[in-house]
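As structure tokens, the structure follows; a few thoughts come after it.
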Amino acid sequence: MKTKAASFSSLVAALGIALATPALAQKAAEAPGGQYAREAEQMFRTSFRADNPTYWMTRLEQDETMKTCLQYRDNPPRKIGEKLERLNKATVRYPVDGKLIGDWKEGEKLAAVGTGGHIGFIQPDPAGRLRGGNCYACHELAKKEIAYGTIGPSLREFGKIRGKDEGTIKYVYDKIYNSNAFTACTNMPRFGLHSWLTPEQITHIVAFLIDPESPVNKD
Amino acid sequence: MFHRFIKTLASAACFAAFAGPALAQDSKVADELAKYREALADGNPADLLEVKGEGLWSEKRGPRSASLEQCDMGLGPGKLDGAYAQLPKYFKDTGKVMDVESRLVHCMVTLQGFKPEEVTKNWYSRPGTESDIEALVTFIGAKSNGKPINVPATHPEEAKMVKMGEYIFYRRSGPQDFSCAICHGQDGKRIRLQDLGNLTTKEGAGVAMKTWPSYRVSQGAVWTMQRRLIDCMRQARWPEPNYLADSIIALETYLQKTATGTVMETPGIKR
Amino acid sequence: MGNPMKIRAANKDGVTEVKVLVSHEMETGQRKDAAGAVVPAWFITELVARHGDKTVLSTEFGPSVSKNPYLAFKFKGGSKGDKITVSWKDNKGDSRSDEATIG
Amino acid sequence: MNNQRRTVLKSGSGAALLGMLAAAGIITPGIALADWNKAAFDAKSMADTLKALGAGTPADSKDVQVTGPDIAENGAVVPVGVASSLPNISMVAILIEKNPNALAATFTLPEGTEANVQTRVKMGQTSNIYALVKSDGKFFMATKEIKVTLGGCGG
């Protein structure tokens with residue numbers, strides 16, 4: 001649907017036909033920033049202190065996935081989305097011992113922690129502060145935690161419903177490692193790709209979701 | 001592809017199965033949160049700062065021993081009623097699109113004779129260090145209370161800033177793949193228990209923009225819009241843009257244009 | 001001396017309701033600054049409200065009262081135009097008094 | 001950490017310092033009135049706090065109400081109130097069980113002041129809040145749990 005609208009209006013634009021295209025189709029076709037996109041990128045890049053550490057500034061770099069998602073407002077045409085998914089699928093790395101399900105208790109802690117990784121001068125995190133998955137920011141998980149977000153789907157009783165077979169375990173691991181391997185431009189971060197979480201930490205979160213003893217699946 | 005379809009189905013089923021009790025629990029949580037927010041609304045510490053800002057506005061200060069009463073915030077010298085609600089806008093005298101804070105700093109420099117680095121040194125407060133800018137912006141903001149936000153962005157420079165703000169809004173980067181849009185591009189979502197406005201709609205942007213500046217209880221301070229947006233970027237784990245950076249003003253212009261027509265209710269009080 | 005308080009007092013059916021908002025850090029003494037040093041405790045210890053010369057409330061605070069303390073209470077009596085005086089002092093010896101008129 | 005805090009309180013405040021300041025004329029005697037109940041505010045547990053307040057083991061009472069939301073969106077500012085229909089209430093106190101020091105505030109109510117006060121407190125975590133009142137010289141108590149929730153962006 002979106003793809004059609006996009007190609008239709010670009011065709012219109014290419015032919016230079018002054019047609020009253022529906023507002024929606026026009027909006028879907030234009031990349032954010034329109035003719036000023038390049039200038040906006042330049043302006044954004046020069047909004048920071050010149051003496052910032054290099055590793056801070058690398059956080060502004062965009063890989064192909066980020067650039068493409070921006071261009072399509074996180075809603076890429078199907079073919080382009082599939083290409084991104086293949087690209088991201090190829091990045092998934094596994095723990096050396098090959099075990100994809102870890103300790104749910106560790107996973108429970110990581111799911112609740114939203115701190116870590118803040119840089120800058122105003123409120124940076126102290127060096128070495130635990131970086132969590134911050135899963136509750138977006139997902140419902142254990143019943144007892146009422147302060148959960150709704151940006152992502154509810155994952156309550158995930159393991160109970162989806163089972164604990166190898167395929168499910170691998171899917172969950174891969175999804176946390178690189179969410180874009182399944183849905184291009186999803187809101188969910190690519191935790192493994194960016195080394196935000198280690199492969200081992202990801203196995204703990206997998207356990208938190210799947211282990212029958214985990215509070216996600218009990219009580 | 002088929003695999004993905006199955007997954008989607010399964011998660012839809014998961015949601016449906018638990019929608020009943022989850023919603024009941026959610027509505028009780030929502031009621032209690034409403035109670036919490038209501039209890040805070042009467043007695044907003046931002047009111048203390050507003051009084052301070054009013055004093056600072058008329059006090060003769062700086063090397064030129066001048067007050068800010070001749071400052072032109074876009075409606076003419078000294079005209080503050082509704083001024084906050086029509087910013088950012090293009091100013092001929094500087095040839096730039098300016099927001100309330102960059103314009104205020106401009107006045108403190110040109111009228112009072114302060115050096116820019118002097119006035120922006122404490123652009124936000126820390127425990128034990130107060131910020132004149134926070135107090136002044138709280139005062140200026142309150143002067144737009146009850147006025148509709150009005151940033152049509154008809155000047156070409158303003159229209160350009162709106163587009164550039166839109167670009168930054170959707171721009172993803174950093175170790176969490178964040179952009180403004182991933183949290184603020186949909187209706188009816190929340191992060192933990194905090195409602196997330198869809199800032200791409202008039203309603204969502206309106207609810208967000210009308211209450212700033214706002215006292216944040218988690219921070220024990222009033223936050224200006226610059227502080228709010230710079231902190232969003234900190235939370236995205238990016239480096240902090242400079243205070244008064246054009247990219248922040250561009251985002252403000254984009255958001256204020258989207259919110260145009262919404263009646264201001266400031267200072268607000270938030271988590 | 002601190003910043004001025006915001007005091008509101010209103011009489012209704014012979015009862016005066018007083019609402020006070022105080023500007024104060026209320027530092028707990030448990031927070032660490034960016035360099036990791038403990039920020040010393042700094043909080044209001046006592047706050048007294050008077051209607052004319054008569055004390056209508058005296059309170060003692062510990063550091064777990066919130067930053068910029070808020071207080072609301074009611075007393076019998078008071079009429080429009082009467083003065084309400086609120087005074088506080090903190091653990092560093094700082095103090096302040098402000099007044100409001102019952103409306 | 002708590003020890004450091006206590007040291008600060010010992011050296012930086014307390015009746016002695018205020019007395020000195022009052023004597024030196026730095027603060028007016030009119031303001032340096034009552035003695036801040038250091039023992040009660042320094043106490044950690046509920047039991048020690050009650051002891052320091054001279055309250056012993058107060059009876060639970062349905063005629064005492066702790067008001068406040070069940071859920072606090074942030075622990076830094078939690079609105080709480082105490083109200084009671086018991087006769088001749090001369091004192092009200094708010095205690096937070098799981099805070100490092102349980103006592104948050106005490107209110108001395110002269111005759112004519114209603115047993116109905118509201119304030120805002122800090123809570124380090126989800127906890128029971130206790131309201132203590134002194135009615136006709138006897139102590140009574142009521143409790144309510146307030147859940148403190150985390151914010152989304154992670155601080």
Side-chain angles (χ1 to χ4, degrees), chain A residues 31-37 39-41 43-44 46-49 52 56-57 59-62 65-67 69-70 73-74 82 114 117-123 136-138 140 146-151 153-158 161-162 171 179-180 182-183 185 187-190 194-196, chain B residues 1 3-4 7 10-15 17-19 21-22 25-26 28-29 124 160-161 163-179 181-183 185-186 188-194 196 227 230-231 233-242 245-248 250:
Chain A
Q35 58 173 310
Y36 302 114
E39 215 176 316
E41 177 67 22
M43 178 180 74
F44 183 68
T46 52
S47 292
F48 302 86
R49 281 168 59 147
N52 277 342
W56 289 8
M57 297 307 283
R59 293 191 176 186
L60 300 177
E61 301 299 334
Q62 293 180 291
T65 303
M66 291 162 169
K67 276 184 199 159
C69 296
L70 159 62
R73 298 171 195 249
D74 299 322
E82 281 171 3
H118 293 97
I119 53 174
F121 301 96
I122 303 176
Q123 283 172 287
Y136 281 108
C138 302
E140 180 182 21
I146 54 161
Y148 60 85
T150 59
I151 300 168
S154 170
L155 301 174
R156 204 172 125 195
E157 304 200 337
F158 184 89
I161 294 163
R162 305 281 282 264
Y171 163 70
S179 56
N180 279 250
F182 302 92
T183 316
C185 305
N187 294 325
M188 183 166 160
R190 294 172 290 175
H194 293 297
S195 303
W196 186 264
Chain B
M1 209 52 227
H3 185 61
R4 186 162 135 193
K7 297 287 180 198
S11 56
C14 169
F15 181 76
F18 298 97
Q25 192 189 349
D26 273 3
K28 193 177 171 294
V29 169
Y124 64 94
K160 182 176 168 185
M161 282 297 253
K163 291 308 285 179
M164 300 219 273
E166 182 198 46
Y167 175 88
I168 295 165
F169 187 82
Y170 285 97
R171 188 187 188 282
R172 300 183 78 152
S173 73
Q176 299 256 53
D177 295 303
F178 284 162
S179 69
I182 64 156
C183 286
Q186 307 161 79
K189 301 288 180 186
R190 54 172 222 230
I191 183 162
R192 287 274 190 174
L193 290 174
Q194 286 75 54
L196 294 163
R227 176 86 202 264
I230 289 172
D231 194 71
M233 298 193 178
R234 182 187 74 89
Q235 294 286 21
R237 271 66 174 183
W238 302 342
E240 288 143 13
N242 299 324
D246 279 337
S247 50
I248 300 295

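Excluded from the calculations below are hydrogen atoms, water molecules and symmetry mates; all remaining heavy atoms, backbone and side chain alike, are included. Order of the sequence lines fixes the chain letters, A, B, ..., with proteins taken first and strands second; residue numbering starts at 1 for each chain.
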Where on Q35(A) is there a heavy atom nearer than 4.5 Å to chain B: the side chain, the backbone, both, or neither?
neither
Heavy-atom cut-off 4.5 Å, strictly under: side chain, backbone, both or neither for F169(B) against chain A?
neither
Roughly how far apart are I146(A) CD1 and R192(B) CZ, rounded to 0.5 Å?
10.5 Å
To check you understand the geometry: which heavy-atom pair defines the closest contact between T150(A) and G188(B), and what is its length?
OG1-O, 4.1 Å
Considering all heavy atoms of both residues, which atom of G34(A) and which atom of K163(B) are nearest to each other, and what is their separation?
N-CE, 4.0 Å
Is the side chain of S173(B) donor-acceptor paired with the backbone N or O of E61(A) at a distance under 3.5 Å, no angle test?
no
Per-residue contact mode, L196(B) against chain A (heavy atom under 4.5 angstrom)
side chain
Can you tell me how far CG of L70(A) sits from CZ of R171(B), rounded to the nearest 0.5 angstrom?
7.5 Å
For the pair R234(B) (side chain) and F121(A) (backbone), establish whether a donor and an acceptor sit closer than 3.5 Å, ignoring hydrogens and angles.
no
Please lay out, stage by stage, how M43(A) and I168(B) fare under the test side chain to side chain contact (heavy atoms under 4.5 Å, CB included).
CA-CA 10 Å; M43(A) 178 180 74; I168(B) 295 165; 3.8 Å; yes
What heavy-atom pair brings Q176(B) and H194(A) nearest, and what distance separates the two atoms?
N-CD2, 4.5 Å
Proximal component of W56(A), with respect to chain B [non-hydrogen, under 4.5 Å]:
both
Could you check whether any side-chain N or O of R190(B) sits under 3.5 Å from a backbone N or O of Y148(A), counting only pairs where one atom can act as donor and the other as acceptor?
yes
Restricting to non-hydrogen atoms, name the atom on F48(A) and the atom on N242(B) that form the minimum distance, rounded to 0.1 Å.
C-ND2, 3.5 Å
For chain A, which candidate among G174(B), G165(B), A236(B), G185(B) shows the most heavy-atom pairs at distances under 4.5 Å?
G174(B)
For the student: nearest non-hydrogen atoms of R237(B) and G114(A), plus distance
NH2-O, 2.8 Å
When rounded to the nearest 0.5 angstrom, what is the spacing between CH2 in W238(B) and CD1 in I119(A)?
11.0 Å
Contact check, side chains of Q186(B) and I151(A), non-hydrogen atoms, under 4.5 Å:
yes
If we define contacts as heavy-atom pairs under 4.5 Å, which of M233(B), K189(B), K160(B), M161(B) has the most with chain A?
K160(B)
Kindly give the heavy-atom pair with the smallest separation between P32(A) and Y167(B), and that separation in Å.
O-CD1, 3.4 Å
Is there side-chain contact between M66(A) and S179(B), with heavy atoms separated by less than 4.5 Å?
no
Among all residues two or more places apart in sequence or in another chain, which pass the disulfide (SG to SG under 2.5 Å) test with C183(B)?
none
Rounding to 0.5 Å, atoms SG (C69(A)) and CD1 (I182(B)) come to a distance of 10.5 Å
Quick one: pull up NE2 in H118(A) and CD in E240(B) and give me the separation to the nearest 0.5 Å.
10.5 Å
Assert top hit (heavy-atom pairs under 4.5 Å, partner chain A, pool P241(B), A245(B), P239(B)) equals P239(B)
Where does E39(A) contact chain B at under 4.5 Å (heavy atoms): side chain, backbone, both or neither?
both
Tell me which of these, C138(A), S47(A), S195(A), G117(A), has more heavy-atom pairs under 4.5 Å with chain B than the rest.
S47(A)
